[in-house]
Amino acid sequence: MDTPLPPTLRQEELDEFLRACAMVTAPTRDISRALVQQLCELLQKAPQFLKRYFTPPIKSVADPLFNADALEQILLLTTQQAGILTSRSQLGNSIATVALPELDIERTFASPTCLAVAMAGAIAAGAHAAILAQPGEGLKEA
């Protein structure tokens, strides 16, 4: 009997995720939490080369942070290897940038009201660009 291959992250999934982030104009904490959870699930399926940049925290670390609505902390932990630059105005306008200099990638995402959405979008955009920059790597098993 053949053993099924582990699921792998597909470019189309990141495209869909980025569209979902872009459509959120006034996210509630529930919407933000759902997006961060979805991003973490997508990144769990990432090919090995992508995990060098983006690795969500393990469940025992992530669950208490989700329960405390510490979404930005989860995303900071996810980008420990890559780093992320964030900014939020007094009015709540948020922007986040992820840079992967060795791949010549820099991606920015903005949200009118939520830093977590901006961060999630920037991470997804960076992961998407990395997959495009390493086409053979994106097809390998996680």
Side-chain angles (χ1 to χ4, degrees), residues 3-142:
T3 305
L5 293 174
T8 57
L9 179 61
R10 294 187 336 268
Q11 186 178 325
E12 297 81 19
E13 290 175 302
L14 288 170
D15 287 337
E16 184 178 317
F17 181 80
L18 285 166
R19 279 191 298 277
C21 287
M23 290 180 10
V24 175
T25 57
T28 63
R29 266 331 248 189
D30 288 341
I31 290 171
S32 300
R33 185 182 306 111
L35 285 171
V36 172
Q37 286 175 322
Q38 182 182 4
L39 179 63
C40 288
E41 290 167 8
L42 289 173
L43 293 175
Q44 292 296 339
K45 303 185 311 183
Q48 225 27 62
F49 89 93
L50 198 56
K51 290 182 180 182
R52 288 189 303 237
Y53 307 107
F54 308 113
T55 304
I58 60 173
K59 187 173 175 43
S60 63
V61 172
D63 285 351
L65 293 171
F66 275 117
N67 292 337
D69 276 337
L71 303 178
E72 293 85 359
Q73 182 63 37
I74 292 166
L75 296 168
L76 285 171
L77 290 170
T78 299
T79 59
Q80 272 184 313
Q81 301 305 314
I84 190 166
L85 175 67
T86 63
S87 177
R88 180 172 38 202
S89 73
Q90 287 182 326
L91 297 175
N93 296 316
S94 301
I95 190 167
T97 301
V98 168
L100 308 173
E102 59 278 5
L103 298 176
D104 198 28
I105 291 170
E106 182 177 305
R107 293 296 182 268
T108 299
F109 200 89
S111 170
T113 58
C114 183
L115 184 58
V117 172
M119 292 172 73
I123 293 166
H128 186 273
I131 288 174
L132 291 177
Q134 304 283 319
E137 295 288 331
L139 300 176
K140 294 181 181 177
E141 297 173 27

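Positions are given from 1, in the same order as the sequence printed here.
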Taking side chain as C-beta onward, heavy atoms only, is [X] less than 4.5 Å from [Y]?
X: Thr86; Y: Arg88; answer: no
X: Glu41; Y: Gln44; answer: no
X: Lys45; Y: Glu13; answer: yes

* Would you indicate whether Gln11, at its atom CD, is surrounded by more than 12 heavy atoms from other residues, nucleotides or ligands within a distance under 6.0 Å? =>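 Buried by this count: over 12 neighbours within 6.0 Å.
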* Crowding at CG, Asn67 (>12 non-hydrogen neighbours, <6.0 Å) ->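 Yes - once you tally the heavy atoms of other residues, nucleotides and ligands closer than 6.0 Å, there are more than 12.
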* **Under the side-chain contact (heavy atoms from CB on, under 4.5 Å) test, residues paired with Ser89 that sit two or more places apart** =>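 For Ser89 the side-chain contact (heavy atoms from CB on, under 4.5 Å) partners, ignoring immediate neighbours, are Leu91, Asn93.
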* Only counting residues at least two apart or in another chain, list the ones meeting side-chain contact (heavy atoms from CB on, under 4.5 Å) with Arg33. =>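 Arg33: side-chain contact (heavy atoms from CB on, under 4.5 Å) contacts with Asp30, Gln37, Phe66, Asp69, Leu71.
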* Option from Thr25, Ile31, Leu35 for which side-chain contact (heavy atoms from CB on, under 4.5 Å) with Val117 holds ->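 In the set Thr25, Ile31, Leu35, the residue that makes a side-chain contact (heavy atoms from CB on, under 4.5 Å) with Val117 is Leu35.
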* Asked: Can you tell which of Leu39, Ile84, Leu42, Val98 makes a side-chain contact (heavy atoms from CB on, under 4.5 Å) with Phe54?
  ->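 With Phe54 as partner, Leu39, Ile84, Leu42, Val98 yield a single side-chain contact (heavy atoms from CB on, under 4.5 Å), made by Val98.
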Minimum heavy-atom separation for [X] to [Y], with atom names?
X: Ala122; Y: Ala96; answer: CB-O, 3.4 Å
X: Val36; Y: Ala116; answer: CG2-CB, 4.4 Å
X: Leu18; Y: Gly121; answer: CD2-O, 3.3 Å

Check residues 76-83 and write down every donor-acceptor pair under 3.5 Å in which the side-chain atom is one partner and the other belongs to a residue at least two apart or another chain.
from	atom 1	to	atom 2	distance (Å)
Thr78	OG1	Ile74	O	2.8
Thr79	OG1	Leu75	O	3.1
Thr79	OG1	Leu76	O	3.2

* **Salt bridge Glu72-Arg29, side-chain N to carboxylate O under 4.0 Å** =>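 Looking at Arg29 together with Glu72, the answer is yes, because their closest N to O distance falls below 4.0 Å.
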